[in-house]
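Structure record follows, encoded as structure tokens.
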Amino acid sequence: MPYITPNLRLLFSSSSSSYSLLFPPKPSFSLFSRPTNTRHSLFTILSSSSSKRHRSTSFIQQNQKKQSSLNINRRSESTFQKRLPMEESVRESSSSFGFNKRRAEGRDSVDKPKKNPQLKTRRLNPTNTISYVQILGTGMDTQDTSPSVLLFFDKQRFIFNAGEGLQRFCTEHKIKLSKIDHIFLSRVCSETAGGLPGLLLTLAGIGEEGMSVNIWGPSDFKYLVDAMKSFIPHAAMVHTHSFGPAPGSDVAALPDLTKLADPIVLIDNEVVKISAMLLKLNSSEGSAAKPGEMSVIYVCELPEIIGKFDPKKAAALGLRPGPKYSELQSGKSVKSDHQDAMVHPCDVMGPSVPGPVVLLVDCPTESHVLELLSVESLNRYYADDSSDVPECAKTVNCIIHLSPTSVTSTPDYLKWMKRFGTAQHIMAGHQMKNVEVPILQSSARIAARLNYVCPQLFPAPGFWSLQHLNNSTIDSSISQGPISRLSECISAENLLKFTLRPHAHLGPDRTNVPSLVAPSQVMEELFSEIPSIVDAAQDVGHLWHGPRETKEEIPSMRNNEIMTEEPWLDENQLPSCLENVRRDDLEIVLLGTGSSQPSKYRNVSSIYINLFAEGSLLLDCGEGTLGQLKRRYGVQDADNAVRNLRCIWISHIHADHHTGLARVLALRRDLLKGVPHEPLLVVGPGPLKRFLDAYQRLEDLDMQFLNCRYTTEASWKDFECSGDSNRDSMSPGSPINNGDMNKNTESNLFTKGSRMQSFWNKPVDNSTAFPLLKSMKKVLSESALETLISFPVVHCPQAFGIVLKAADRINSVGKVIPGWKIVYSGDTRPCEELVEASRGATVLIHEATFEDEMSEEAIAKNHSTTKEAIEVGSSAGVYRIILTHFSQRYPKIPVFDSKHMHKACIGFDMMSINLADLPVIPKALPYLKLLFKDDMPVDEELDDVIDAVGAV
């Protein structure tokens, strides 16, 4: 049995009272014991105030009722037995910790009741007192994804395009996803469909049966659904409808789709008629067209409003009141009761009001413009005097242009726009004026407040720099170009509406457009809420710039009490790797620190490792990662960050960790087009390759996939021990030895004979592994990294953590300085593999999904609590611990015990931790917590909603 340190034994105690050892109420001895101080420290005051208020009386009562119903006795049961079947409770003989074995092996879905989401038949309202189209501004500030458009009716909703961030946007602006029956894609690619996985997972968690939705798009749409089946368990909820060419056909060889006389009708009911016109890429340049390059023009037509019936006219024509009145109103002719004549509807009805017509145009490139100009099925919608306009021409009221400014400003496109006469043009393509107006204002406010208190960890987010907007309200590309001559052209704004019904209000409506908030207003609100924050910001500045030896006392911020720094804050010995460290060595940027699904304040998992001149890496890449990069660095600098990516590493196949991957890869492909470069290495679990392969059929992602199994310590040893000649001569399929991986894992999840252990011993194809490892070795060398090692953790099948070790360096006097070491846990329970991998790490980035009181939930879902994460880092001798992946039940800040945070810090979105700042970050935490002193966890009643989504 491997040796376990006393600290580790305390953490992983196997006694029946393990709960009391893990979470002692008043320990006489603690790993974090400290001298008693009669004066109140800042940590102590903030901690005690939080602990007293973090659970309301109603919450405690509900929680006690819940505990009682489960018949749980905290004092008599060990933590790993709670809420788990006895036969599935696992106790490691060497390192007792609890975990959910069925979940870790991927068998927990068998226990869940099968859902059979049915398409809802909604009761439609043909009269529709309210109807409008509305701009949903996803990507308007970051220019990373296509905006969405909402078509609203009283009883039904339609969404056009579902780019990344749509789910989070709807949460921010209270748009009910349960009302959405149909989603239409103008193109099938990451820019327009990157938000579909998160959206579908959310719909799957609504109600007992989940929601079902129709998704419409051009040909080969089935490949996108196939790409999501590996991580969306309820595939039946997605009802796909492809129109256009058959799957697998050669797009370039298709007949001329522009010669179709009529649009393709998709939906035609008493509420709306939605049709589509296809635009395929003009491939005269010789390059083969991808299915994802085909775009769509959508036409939405509302029925006409029948004129009012005039009973006086009916009486004059000899009709008596009765059933014949109804027949006339329904469009039928009747015979007069007193005259020998037929009475027609037009004789007694007032003039009808034509139904509004809306076009949504996605013309992504100038090559598509050539197709757009020759679409014959558009002829009936033109208002000019062209001879080929049919007599049944219809008046278009509104055209929403999703095309980029580089296309809409071309002479051919402008000429085409003028053919629609007085139609209202809404330019919804990416415009630079939108970059400075945050779409997610809640998180932007938090970022601005954090930046005020601690700009060293939270650089200016770049939002609300409104001087540019105050000087010009129109985008320069519109005000200076020929498009300004179109009097009916306006720029899209977030939540801008175009009213369709009632007819009297037909036209644009800015009522719901969020008002612009100046930075000064945000700060005034902060000063009003927390007057002491000014002093706190000054104190934080002294942590970096002031003489620390004179900073013994901190002025009172509450109740005139004196606060002192905790004595152990200066007891951490500086690791040798931080000697003569420079600020351009390493920066860790937390792009997403939430779990399960995005929220108003936290995006899902992603960590940007900035190596400055040596490039960068991404550890996990949840939905919205690209948008977060652009919020952190700005649009242009974020593009540079994507260009300089060396590798993306994915911990496991859950959607909150990888669904932003395709969008990042697609942008990198576009940025490096025409520039010599190597495909980007993506390291991840095996199932991820299926997702990426399916996506590649839609658009080229310009990447190479390397299974995490090939980057374990054992696989690297085999690679290093085999000479180049041996690698070339080894027969395909000969196994890489993974036996060393299990040398310290007897009696645990990866033990001999288990489902997981059999996976690790599967043969590996060396003909694939070794060339990719050579590429990885080259990447590491160019990035000044010594190693990148993946190791198994306890969460779900094929879940991994990662170790990054920098190469040693030599200082100015010739002394060898050891390289830093970063460990990222991914999602996991505390486990020996993680502890061993973290030995002597400079930084451990550890998930802390749940607070300490929710250890049962942590075990059931194979996550960690805050204290467990800190104990793992302390047992491994880690210098600094960064906590992340918090449950969304903690909207702004998680529940934690400050007295245990002497090595740790709570992670926030956009937090940027420079290697040189590691000694200071625990001291900054109390000041950051002061920003959220009045915030409490989400009500217990919302827990079930979060749990439902997390379970999916």
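When reading the values below, keep in mind they use all heavy atoms of this one structure, side chains included, and skip hydrogens, waters and symmetry mates. Not measured: the values here are computed from a predicted model.
Residues Asp639 and Leu671 come closest through the heavy atom pair O-CD1, 3.4 Å. Nearest heavy-atom pair, Ala666 versus Ser190, reported as atom, atom and distance to 0.1 Å: CB-OG, 3.5 Å. For Pro459 against Arg632, the heavy-atom pair with the smallest separation is CG-NH2, 3.4 Å. The nearest pair of heavy atoms linking Pro218 to Leu278 is CB-CD2, 4.0 Å. Of all heavy-atom pairs spanning Thr711 and Ser790, the tightest one is OG1-OG, 2.7 Å. Here the shortest heavy-atom pairing between Ser606 and Gly622 reads CB-N, 4.3 Å.
With sequence neighbours excluded, the residues that form a side-chain hydrogen bond (donor to acceptor under 3.5 Å, both in side chains) with Asp584 are Arg582. Under the side-chain hydrogen bond (donor to acceptor under 3.5 Å, both in side chains) criterion, Trp820 pairs with no residue at all, not counting sequence neighbours. Not counting sequence neighbours, the partners of Tyr608 by the ring-ring contact (aromatic ring centres under 6.0 Å, His included) test are Tyr633. Qualifying side-chain hydrogen bond (donor to acceptor under 3.5 Å, both in side chains) partners for Asp693, counting only residues two or more places apart in sequence or in other chains: Lys689. A search for side-chain hydrogen bond (donor to acceptor under 3.5 Å, both in side chains) contacts involving Asn603 returns nothing, not counting sequence neighbours.
Applying side-chain hydrogen bond (donor to acceptor under 3.5 Å, both in side chains) to Gln628 and the options Asp909, Thr142, Asp144 leaves one that passes, Asp909. Between His795 and the choices His657, His885, His652, the ring-ring contact (aromatic ring centres under 6.0 Å, His included) rule is met once, by His652.
A distance of 11.5 Å separates CG in Leu617 from CD1 in Ile588, rounded to the nearest 0.5 Å. Atom CD1 in Ile607 sits 10.0 Å away from atom OG1 in Thr593 (nearest 0.5 Å). For the atom pair Leu196 CG and Leu201 CG, the distance stands at 10.5 Å (nearest 0.5 Å). Remark: Gln696 CD to Leu701 CG distance equals 4.5 Å, nearest 0.5 Å.
Counting only distance, with no hydrogens or angles, the side chain of Glu164 and the backbone of Glu623 share no donor-acceptor pair below 3.5 Å. Between the side chain of Lys821 and the main chain of Arg839, a donor-acceptor pair closer than 3.5 Å is present. Without hydrogens or angle criteria, Asn161 side chain to Ser186 main chain gives a donor-acceptor distance under 3.5 Å. Side-chain atoms of Ser775 come within 3.5 Å of backbone atoms of Pro771 as a donor-acceptor pair (strictly under, hydrogens ignored). The main-chain N or O of Gly819 is found under 3.5 Å from a side-chain atom of Asp808 such that the two form a donor-acceptor pair. Put simply, the side chain of Trp716 never gets that close to the backbone of Leu773: no donor and acceptor are under 3.5 Å apart. Looking only at distances, a side-chain donor or acceptor of Thr192 sits under 3.5 Å from a matching main-chain atom of Arg187. With His846 contributing its side chain and Leu844 its backbone, the two residues share no donor-acceptor pair below 3.5 Å. At distances below 3.5 Å, not a single donor-acceptor pair connects side-chain atoms of Trp649 with backbone N or O atoms of Leu619. The closest donor-acceptor contact from the side chain of Thr828 to the backbone of Val794 lies under 3.5 Å.
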Stepwise, does the side-chain contact (heavy atoms from CB on, under 4.5 Å) test hold for Val581 with Asn914?
CA-CA 10 Å; Val581 66; Asn914 195 284; 5.7 Å; no
Taking it one step at a time, do Cys621 and Ile650 satisfy side-chain contact (heavy atoms from CB on, under 4.5 Å)?
CA-CA 7 Å; Cys621 191; Ile650 304 298; 4.0 Å; yes
Determine, stepwise, if the pair Val682 / Leu688 fulfils side-chain contact (heavy atoms from CB on, under 4.5 Å).
CA-CA 10 Å; Val682 176; Leu688 180 64; 4.1 Å; yes
Between Ile913 and Val843, does the side-chain contact (heavy atoms from CB on, under 4.5 Å) criterion hold? Intermediate values first, please.
CA-CA 10 Å; Ile913 302 171; Val843 178; over 6 Å; no
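No donor-acceptor contact under 3.5 angstrom links the side chains of Arg663 and Thr145, judged on distance only. Side chains of Asp620 and Ser605: no donor on one and acceptor on the other come within 3.5 Å.
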Can you give me every donor-acceptor pair (side chain of residues 641-648, partner residue at least two apart or in another chain, under 3.5 Å) with its distance?
residue	atom	partner	partner atom	Å
Arg643	NH1	Asn640	OD1	2.6
Asn644	ND2	Asn640	O	3.0
Arg646	NE	Glu614	O	3.0
Arg646	NH1	Glu782	OE1	3.3

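Lys630 has no carboxylate O lying under 4.0 Å from a charged side-chain N of Asp141, or vice versa, which leaves the two without a salt bridge. A salt bridge links Arg668 with Asp702: the closest approach of a Lys/Arg side-chain nitrogen to an acidic carboxylate oxygen falls below 4.0 angstrom.
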